[in-house]
Amino acid sequence: MKPYYISTAIAYTSAKPHIGNTYEIVLADAIARWKRMEGYDVYFQTGTDEHGQKIQAKAEAAGISPQQYVDQVSGEIKRIWDLMNTSYDRFVRTTDPEHMVKVQKIFKRLYNQGDIYKGKYVGKYCTPCESFWTPSQLVNGRCPDCGREVQDAEEEAYFFKMSKYADRLIEHIESHPEFIQPESRKNEMINNFLKPGLQDLCVSRTSFTWGIPVDFDPGHVVYVWLDALTNYITFCGYDPDGASDEHYRKFWPADLHLIGKDIIRFHTIYWPIFLMALGEPLPKQVFGHPWLLVSSNESGAGEKMSKSLGNVIYADDLVDLFGVDAVRYFVLHEMPFANDGALSYSLLIERINADLANILGNLVNRTIAMDHKYFEGKIMAPTACEEIDDDLRAVALAMPGKVAKQMEGLHVADAIDEIFVLLRRANKYIDETTPWVLARDPEKAPRLGTVLYNLLESIRFAAVALEAYLPETSAKILRQLNVPNGGLASLASFDGMPVGGQVGTAEILFERMDPVKKLQEIADAKAAKEEPQSTVTFKPEIAFDTFEQVDMTVVKVVACENVPKSKKLLKFQLDDGSGKPRQILSGIAAYYQAADLVGKTLVACTNLAPRKMMGFESCGMLLSAEKDGKLELLMLSDTIPAGAKLC
RNA sequence: CGCGGGGUAGAGCAGUUUGGUAGCUCGUCGGGCUCAUAACCCGGAGGUCGUGGGUUCAAGUCCCACCCCCGCAACCA
């Protein structure tokens with residue numbers, strides 16, 4: 001059997017994955033299942049990426065060890081992958097000791113052969129913050145965190161000689177047009193990163209400890225991307241000492257790395273170069289899939305899910321509401337090949353009703369019900385064919401090939417559509433043949449039996465093909481038809497339903513939903529869930545004299561205007577009572593019209609260190625209150641004069 | 001001139017590579033049917049294909065200029 005290695009990106013264990021992240025594993029699963037149906041020996045790897053500063057910080061905030069933290073989140077991710085009924089062969093974790101040892105060996109080997117060298121990381125250092133910054137990160141020449149002066153400083157670090165392999169990589173990308181998908185990304189990588197010249201990549205860190213230690217240099221941990229990317233080979237059986245096992249020899253190079261479009265650069269530049277340095281072949285294809293966005297209201301376009309927007313949707317919540325296959329169907333079908341897709345509850349309900357309940361579910365239901373009604377569930381021989389049957393049969397027989405073609409190009413949504421073309425055709429066929437009319441004339445029984453046979457067989461075709469996308473539903477339909485899944489081979493001819501056999505009982509596959517009621521239900525459930533949790537947090541206690549250092553002054557708005565080219569900033573000219581004008585910039589353009597604020601009496605913190613924003617100096621901070629996307633400036637009545645102090 | 005994506009029927013999209021009657025799903029209106037989950041089938045209405053120019057016998061599609069929207073980056077003291 002021909003091997004086929006497909007992987008997803010390993011999920012970063014900083015938080016529970018939302019439906020957008022879950023989309024990737026479902027997409028990979030559909031491809032993996034289809035490849036198995038086509039007879040490939042599939043190896044499907046997924047897992048979690050568990051090192052890095054962010055995770056260390058999250059664990060500290062949660063008051064547990066990083067290991068406990070990643071155990072918890074990784075478990076949660078695996079639970080969701082399982083809930084989505086995904087057929088991965090291996091779920092890997094970068095905290096696996098075996099992986100860690102291999103990464104250390106890889107690092108050492110690259111060091112020994114001169115691809116990694118020890119150098120100096122030159123930058124700006126802010127002593128109070130204990131942070132390194134690159135010149136581009138500095139704000140107005142100062143520390144972006146605290147605004148204080150920074151010093152030139154250097155730190156030992158390991159670097160990878162990217163430039164050494166750049167030409168070879170460009171040549172590989174140019175000569176393998178299928179390597180980066182969608183193709184539009186190819187030029188982006190070459191023009192933006194490769195052509196201008198690759199910088200050597202810093203591949204070690206000393207600023208945190210939650211990573212794989214560089215075994216020959218304590219204090220350094222391996223850069224997370226080097227750690228993460230190598231998962232594709234370390235867990236496949238690669239041995240840095242040259243004794244890679246049979247599994248590796250069979251499956252590497254991977255056929256497809258399925259990843260999000262945001263990490264294409266790492267997979268099409270760094271990863272291939274690491275592999276070149278190791279002397280291993282490159283993966284055959286990297287597909288950067290688009291994102292699943294949420295649209296919060298009917299007309300709203302998609303926006304990225306984020307906690308601060310409060311629009312995060314989780315796969316398990318959706319599965320509770322709609323069932324696994326409905327969610328799988330939605331994410332697979334609603335995602336175009338290259339553009340971002342949008343998800344909303346009303347869209348989801350619409351798709352389930354229109355496609356799954358009406359076209360698919362109702363077809364299966366009405367067909368099996370008719371067979372019971374007219375033939376007590378017996379599968380009749382198709383002896384009375386008519387010309388009108390030819391088109392249905394032709395559509396059915398052509399379907400598997402069309403699906404295969406779409407899948408070959410990774411157009412999963414279009415592949416599913418091909419199956420629904422057949423289902424729609426079958427519904428139409430019922431109207432064309434009007435079985436209920438045939439049933440009135442006993443002499444037409446053979447014709448009626450033939451019509452039902454053709455319908456049952458068409459449904460069987462669809463059910464077999466749907467296995468890759470809706471595995472549970474596929475099995476349910478075949479159970480109702482009472483036939484085994486004969487695989488793609490059984491779709492070569494239109495005679496798979498056993499004549500003389502008996503169909504099962506008709507059961508509802510997808511319940512039709514009332515959109516208004518269902519949306520209300522969802523809103524109620526959401527409200528009930530959100531009620532108990534409080535998002536208000538309080539900072540640690542401070543001494544009174546610390547508080548007293550803050551100088552807060554009443555100011556009058558003399559002038560206010562939008563900062564050009566800025567979405568958030570308003571520029572204020574203020575009277576602070578001193579006689580000298582004071583300029584403050586504030587990021588509240590989304591909440592206030594500049595003109596409306598002229599003449600208002602506000603409060604500002606007036607002894608903050610000045611800071612430059614978008615080229616303008618800001619001397620202080622206007623006080624406002626914010627929660628859940630609502631913001632209001634602190635506004636006093638106009639009777640209090642400028643320069644008055646808060647006390 | 002920061003980088004990128006996009007503007008096609010009320011909504012969501014395909015079509016643009018290789019110019020040649022503007023298409024799909026949903027919605028809407030009308031009709032048909034009654035086997036079925038008020039489902040299914042047929043038909044109609046609805047489009048200056050962002051704007052202006054150009055090339056061409058012919059432009060949604062190619063060329064030039066411009067406008068608008070959305071991400072990212074820079075801003076949130």
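Lettering of chains follows the sequences in order, A, B, ..., and the numbering in each one begins at 1.
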- In whole angstroms, how far is the C1' atom of B/C75 from the CD1 atom of A/I588? 14 Å

- Heavy-atom nearest nucleotide on RNA chain B taken for A/R351 and for A/S618; more 5' hit belongs to A/R351

- Query: Do A/D576 and A/T553 have a side chain donor and acceptor closer than 3.5 Å?
  - Reply: no

- Footprint string (nucleotides 28-36 of chain B, 5' to 3'): B base within contact, S backbone only, - free, heavy atoms under 4.0 Å: ----BSSBB

- Message: Is it true that A/R366 and A/N427 share a donor-acceptor pair across their side chains at a distance under 3.5 Å?
- Response: yes

- Phosphate OP1/OP2 of B/C40 contacted by A/K428 side-chain N/O (<4.0 Å): no

- Give a yes/no verdict on a cation-pi contact between A/K600 and A/Y592, requiring under 6.0 Å between NZ or CZ and the six-membered ring centre and an angle within 45° of the axis. no

- Message: Say we look at B/G5 and B/G10: how far apart would their C1' atoms be, to the nearest angstrom?
- Response: 25 Å

- Find which nucleotide of RNA chain B each of A/R512 and A/D355 is nearest to by heavy atoms, and output the residue with the more 5' nucleotide. A/D355

- Task: Rounded off to whole Å, could you give me the CD-to-P distance for the A/Q406 and B/A14 pair?
- Result: 14 Å

- Please give, in whole Å, the distance from B/A38 P to A/N358 CG? 9 Å

- Message: Suppose you measure atom P in B/G60 against the same atom in B/A9; what distance do you get, rounded to whole Å?
- Response: 14 Å

- Considering only heavy atoms, which members of residues 415-425 of chain A lie under 4.0 Å from some atom of RNA chain B? A/R424

- Residue set satisfying ring-ring contact (aromatic ring centres under 6.0 Å, His included) with A/F420, at least two apart, ordered chain then number -> A/Y329

